[in-house]
Amino acid sequence: MINGINSADFNPGNPAAAAIRKARDEGSAEPIEALFVVATRFKKKYVYCFNKEPSLGVFETDHPLRHFAIWLTTNILFDFVVISVILANCVLLALDDPPVLPEYIFLGVYTVEMFFKIFAQGFVRHRFTYLRDGWNRLDAVVIALGYVALIPSVGNLSGFRA
């Protein structure tokens, strides 16, 4: 048990649980300075780690915006909505002549998702922050390319946004 959490119960593929197990196995006397959120999804327990340092240097863990962002990003409905938006985006990108307005809407949804995760986790400075996760780095690059594609002189980059 580390900080009251039994890491043996968690999904082995979960990076947060792996960090807890690694600290336990190394016998580190140093406490893990993180906020842990445990969520049960489909009878499996998942651990989400958030750094205790202020997110973006401003939002403490008890700040209402960060508290809401942590609640939102660890909620299963949030994942379902994001995955549904991604699937809808893929379907529209597969069309021969996709409508333009939904592309702006999708980019807005992805940007809001990214900002909530950054508010919850922090950006890059500490452990367990947004850009320390490979999937989040990929999302950030895709979102940045989406905004680059809005520039009229730049060609179509829709293949990267799928």
Side-chain angles (χ1 to χ4, degrees), residues 10-20 34-162:
F10 300 116
N11 182 0
N14 189 332
I20 294 170
L35 170 68
F36 297 100
V37 176
V38 180
T40 302
R41 297 182 177 183
F42 305 111
K43 298 182 182 180
K44 289 184 180 178
K45 293 180 183 178
Y46 292 86
V47 179
Y48 295 90
C49 293
F50 298 94
N51 200 298
K52 284 189 176 180
E53 295 296 321
S55 172
L56 300 174
V58 177
F59 303 107
E60 298 283 344
T61 54
D62 60 347
H63 190 281
L65 179 61
R66 187 168 183 199
H67 191 267
F68 176 73
I70 289 171
W71 172 82
L72 183 68
T73 58
T74 59
N75 192 317
I76 192 167
L77 293 177
F78 180 77
D79 289 342
F80 284 145
V81 168
V82 170
I83 289 171
S84 299
V85 169
I86 291 169
L87 292 174
N89 189 11
C90 290
V91 168
L92 285 178
L93 286 174
L95 297 176
D96 289 334
D97 188 23
V100 177
L101 180 62
E103 290 185 27
Y104 297 116
I105 294 170
F106 291 137
L107 185 59
V109 170
Y110 297 145
T111 304
V112 168
E113 174 208 8
M114 180 178 73
F115 280 126
F116 273 116
K117 285 185 172 183
I118 290 172
F119 287 144
Q121 300 172 338
F123 190 58
V124 72
R125 196 168 147 210
H126 302 288
R127 194 172 176 191
F128 306 122
T129 55
Y130 183 79
L131 286 181
R132 300 282 175 145
D133 180 4
W135 288 111
N136 289 338
R137 283 193 295 255
L138 177 66
D139 285 346
V141 168
V142 169
I143 291 168
L145 288 175
Y147 282 106
V148 168
L150 294 178
I151 301 170
S153 62
V154 177
N156 187 2
L157 298 174
S158 64
F160 289 107
R161 289 184 300 195

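Of all heavy-atom pairs between P102 and L92, the closest is CB-CD1, 3.5 Å. Contact detail for Y110 and I86: the closest heavy-atom pair is OH-CA, 3.5 Å. The two residues R66 and E60 come nearest to each other via the heavy atoms CD-O, 3.5 Å. Smallest separation of non-hydrogen atoms from E103 and P98: OE2-CG, 4.2 Å.
Looking at residues two or more places apart in sequence or on another chain, you find a side chain to side chain contact (heavy atoms under 4.5 Å, CB included) between V112 and F116. Taking F78 as the reference, L72, T73, N75, V82, E113, K117 meet the side chain to side chain contact (heavy atoms under 4.5 Å, CB included) condition, with sequence neighbours excluded. Remark: Y104 pairs with no residue by the side-chain hydrogen bond (donor to acceptor under 3.5 Å, both in side chains) rule, at least two apart or across chains.
Atom CD1 of I118 and atom CG of N136 lie 8.5 Å apart (nearest 0.5 Å). Taking CD1 of I143 as the start and CG of D139 as the end, the distance is 6.0 Å to the nearest 0.5 Å. Once rounded to the nearest 0.5 Å, the distance linking CZ of F123 with CZ of F115 reads 9.0 Å.
Each side chain to side chain donor-acceptor pair (under 3.5 Å) pair with one or both residues in residues 141-151, not counting sequence neighbours, appears once here: T111-Y147. Sorted by first and then second residue, the salt bridge (charged side-chain N to carboxylate O under 4.0 Å, His left out) pairs involving residues 70-79 (not counting sequence neighbours) are R41-D79. Residue pairs that meet the salt bridge (charged side-chain N to carboxylate O under 4.0 Å, His left out) test with at least one member in residues 80-98, sequence neighbours left out, do not exist here.
Between L107 and L150 the shortest side-chain heavy-atom distance falls below 4.5 Å.
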*Kindly determine whether H63 and F119 satisfy side chain to side chain contact (heavy atoms under 4.5 Å, CB included), including the steps that lead there.*
CA-CA 10 Å; H63 190 281; F119 287 144; over 6 Å; no

